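Predicted model only: the values in this text are computed from it and were never measured.
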Amino acid sequence: MRNEWNLWVVGGDMRQAKLAELLAEDGHTVHTWALEGAEEAVEPAERLEEARLADCVILPLPAAGEGGRLNAPLSALHPSLEEVLDALRPGQVVCAGKVGPGLRALAEERGLRLFDYFLREELAVANAVPTAEGAVQLAMEELPVTLHGARVLVLGFGRLGKLTAHRMHALGARVSVAARKWADLAWAEAYGYVPEHIEHLDGYLCPYDMVVNTVPVRVLDEARLADLKPGCLVVDLASKPGGVDLEAAGRLGVRVIWALSLPGKVAPVTAGKIIRDTIYHILNELGG
């Protein structure tokens, strides 16, 4: 790793505020913008135009907020992504999370070198840890029973599904796993979980105290939500559009927590470290 980079952290939540602090602690020159509400240790910059001198500009996860504007919930500033990118120079390295087609097109028009750190496997694996722990925290706060002995169904058995099932099981929950791939179900059974094919859940959801969804497609429709027993807690960990029919849940009185961006809420320092390490990997691969 190079001894010192000039890095700008622009927008975001507490993850980005902690990221800026961690980068500064590593000896880099760090500036922040649109993060003033975090009261972070790094002095915020007054003019975004100065970011043209940066080795890398780091946008948040996700980069885009409402209406195509910069995701900056901790700031009074609400610039469009066009305004942010217009302040940069052609050829500049920009790292952002969950890059949509709109942001990618804007970066291409301006000749920017845009990298989506959310697509990196090392970030996805590491990020699943605080997300799974956040699901455990929600269960302990919201369930009227202990996780020990509770019937918990985990939908999906990818990175996040595996870690969530493991942590629930470690606390004594009776864990079932629903997935589409037979290989995933074989692994779930090998780990000691009850395997259920996700296509065959209709009519069999009534035993569960908690359902945790990790699949970003609609898997809990109105019919399946109606099959849940009263008081069952549903935690949706999937990114947008999520996996739960929220309108139907509201009509049926099903408790649903759509827990987006859990790492930034339950473990912002860890989440900041994960992003920092991934940014370092990208810059080193670029020969920085």
Whether [X] side chain and [Y] backbone form a donor-acceptor pair below 3.5 Å:
X    : Y    : result
D55  : N6   : yes
Q92  : A51  : yes
W33  : E49  : no
R174 : R151 : no

Check ion pair [X]-[Y] (N to O, under 4.0 angstrom):
X    : Y    : result
R120 : E285 : yes
D245 : R224 : no
D209 : K229 : yes
R110 : D86  : yes

Margin query: Rounded at 0.5 Å granularity, tell me how far OG1 in T214 sits from CZ in R159.
Written below: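 Between atom OG1 of T214 and atom CZ of R159 there are 10.5 Å.
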_Separation between CZ of R180 and CD1 of I198, rounded to the nearest 0.5 Å_ =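 Spacing of CZ (R180) from CD1 (I198) equals 5.0 Å.
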Does any part of the side chain of V154, heavy atoms only, come nearer than 4.5 Å to the side chain of K162, both counted from C-beta?
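No, too far: nothing below the 4.5 Å cut-off.
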Would you mind reporting whether M14 and V269 have side-chain heavy atoms less than 4.5 Å apart?
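They are not in contact (no side-chain heavy atoms under 4.5 Å apart), so the answer is no.
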- request: Would you kindly say whether N213 and D236 are connected by a side-chain donor-acceptor distance under 3.5 Å?
  value: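 Distance-only check passes for N213 and D236.
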- Do you see a donor-acceptor pair shorter than 3.5 Å between the side chains of E4 and T29?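 Result is yes, a qualifying pair exists.
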Can you name the nearest heavy-atom pair linking [X] to [Y], along with the distance?
X    : Y    : value
L61  : R15  : O-NH2, 2.7 Å
M168 : A139 : CE-CB, 4.4 Å
P79  : V84  : CG-CG2, 4.0 Å

Please identify which of these residues, Y204, W182, F157, meets the ring-ring contact (aromatic ring centres under 6.0 Å, His included) condition with H197.
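Output: one option passes, namely W182.
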Shared hydrophobic cluster, V30 / I58 (ILVMFWY, side-chain heavy atoms < 4.5 Å):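 Yes, it is one cluster - the side chains of V30 and I58 are joined through contacts under 4.5 Å.
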task: May I ask you to check whether over 12 heavy atoms, not counting those of E66, lie within 6.0 Å of atom CD?
output: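 Check fails, neighbour count at 12 or below.
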For the pair Y280 and W5, name the ring-plane relationship: parallel under 30°, tilted 30 to 60°, perpendicular over 60°.
->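 The arrangement is tilted - the two ring planes meet at 30° to 60°.
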